[in-house]
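Here's the structure, in structure tokens; my notes come after.
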Amino acid sequence: QVQLVESGGGLVQAGGSLRLSCTVSGGTFSTVAMAWFRQAPGKEREFVARITWSAGMTDYANSVKGRFTISRDNAKNTVSLQMNSLKPEDTAIYYCAKGRYSRSSTDYENWGQGTQVTVSS
């Protein structure tokens, strides 16, 4: 079965950068899109960014637009999230997901275990 594993999370000071990676195993032949979501303590899971697997079309939440960049490497079966100018409000567990090109978490069939991103002020 499809398995997604995130990496790259950690603790960083405000204004700093982190790069998250998600490796997909079990086959990417049927992949339509990949996405990043995040969930802060006491908050609902929210959409961060999405990308189509074939053409690389992207979309971002307004809260991260201009600061985050999603990308994918089809040959390596990975999707990444470059996060710059990080703010304390970016603190959350970040999840990668595989599914249809959507902003809704319900449209994604496969999820990673999540990686913690903590931004200190």
Side-chain angles (χ1 to χ4, degrees):
Q1 186 63 278
V2 176
Q3 186 175 73
L4 284 65
V5 180
E6 303 98 333
S7 63
L11 195 158
V12 64
Q13 293 183 341
S17 299
L18 280 176
R19 180 177 181 272
L20 306 182
S21 295
C22 176
T23 300
V24 183
S25 63
T28 58
F29 309 104
S30 61
T31 300
V32 175
M34 298 287 293
W36 287 96
F37 290 80
R38 67 186 182 186
Q39 187 165 24
K43 302 292 183 65
E44 295 183 347
R45 185 169 298 188
E46 67 172 339
F47 165 79
V48 176
R50 56 177 173 161
I51 186 169
T52 62
W53 195 246
S54 58
M57 295 174 57
T58 59
D59 180 50
Y60 300 89
N62 289 335
S63 60
V64 306
K65 189 172 296 183
R67 299 188 298 120
F68 291 10
T69 302
I70 188 172
S71 62
R72 89 274 190 257
D73 189 328
N74 302 66
K76 296 181 179 179
N77 294 332
T78 59
V79 60
S80 299
L81 185 69
Q82 178 65 47
M83 305 183 294
N84 299 325
S85 301
L86 284 163
K87 306 174 181 179
E89 48 263 48
D90 293 319
T91 296
I93 300 176
Y94 284 70
Y95 300 88
C96 67
K98 173 180 178 290
R100 55 179 286 182
Y101 192 60
S102 172
R103 286 189 167 203
S104 175
S105 62
T106 62
D107 290 315
Y108 292 85
E109 301 173 345
N110 305 103
W111 293 81
Q113 81 290 342
T115 185
Q116 177 70 48
V117 172
T118 302
V119 184
S120 62
S121 60

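Values below: every heavy atom of this structure, side chains too, minus hydrogens, waters and symmetry copies.
Applying the 6.0 Å contact sphere to CD of E109 captures no more than 12 heavy atoms from other residues, nucleotides or ligands.
In this structure, the separation between SG on C96 and CZ on R38 is 15.5 Å, given to the nearest 0.5 Å. The distance from atom CZ of R50 to atom CG of D59, rounded to the nearest 0.5 Å, is 4.0 Å. Once rounded to the nearest 0.5 Å, the distance linking CG of L11 with OG1 of T118 reads 5.5 Å. A distance of 8.0 Å separates OG1 of T69 from CG of L81, quoted to the nearest 0.5 Å.
A donor and an acceptor atom, one from each side chain of S104 and T106, are located under 3.5 Å apart. S17 and R19 share no donor-acceptor pair across their side chains, judged by distance under 3.5 Å alone.
Judged by distance alone, with hydrogens and angles left aside, the side-chain atoms of R103 form a donor-acceptor pair with the main-chain N or O of Y60 at under 3.5 Å. Side-chain N or O atoms of N74 include one that pairs as donor or acceptor with a backbone N or O of W53 at under 3.5 Å.
Screening T31, V32, V79 for a side chain to side chain contact (heavy atoms under 4.5 Å, CB included) involving K98 leaves a single residue, T31.
The two atoms that bring R72 and G56 nearest to each other are NH2-N, 3.4 Å, heavy atoms only. When all heavy atoms are compared, the tightest approach of S102 to F47 is O-CE1, 4.2 Å. Of all non-hydrogen atoms in I70 and M34, the two that sit nearest each other are CD1-O, 4.2 Å. Here the shortest heavy-atom pairing between R67 and D90 reads NH1-OD2, 2.7 Å. Of all the heavy atoms in A14 and S121, the pair that sits closest is CB-CA, 4.4 Å.
Within the 4.5 Å cutoff, the side chain of K76 has no heavy atoms near those of the S21 side chain. The side-chain heavy atoms of W111 and V2, taken from C-beta on, include no pair separated by under 4.5 Å. For the pair L20/E6, no side-chain contact is recorded, criterion being any heavy-atom separation below 4.5 Å from C-beta on. In this structure the side chain of T91 reaches within 4.5 angstrom of the side chain of Q116, judged on heavy atoms.
Classified by interplanar angle (parallel below 30°, tilted 30° to 60°, perpendicular above 60°), the ring pair F37/Y108 is perpendicular.
Under the 4.5 Å side-chain heavy-atom criterion for Ile, Leu, Val, Met, Phe, Trp and Tyr, V12 and M83 are members of the same hydrophobic cluster.
Counting only residues at least two apart or in different chains, ring pair (Phe, Tyr, Trp, His ring centres under 6.0 Å) contacts with residues 65-107 are absent.
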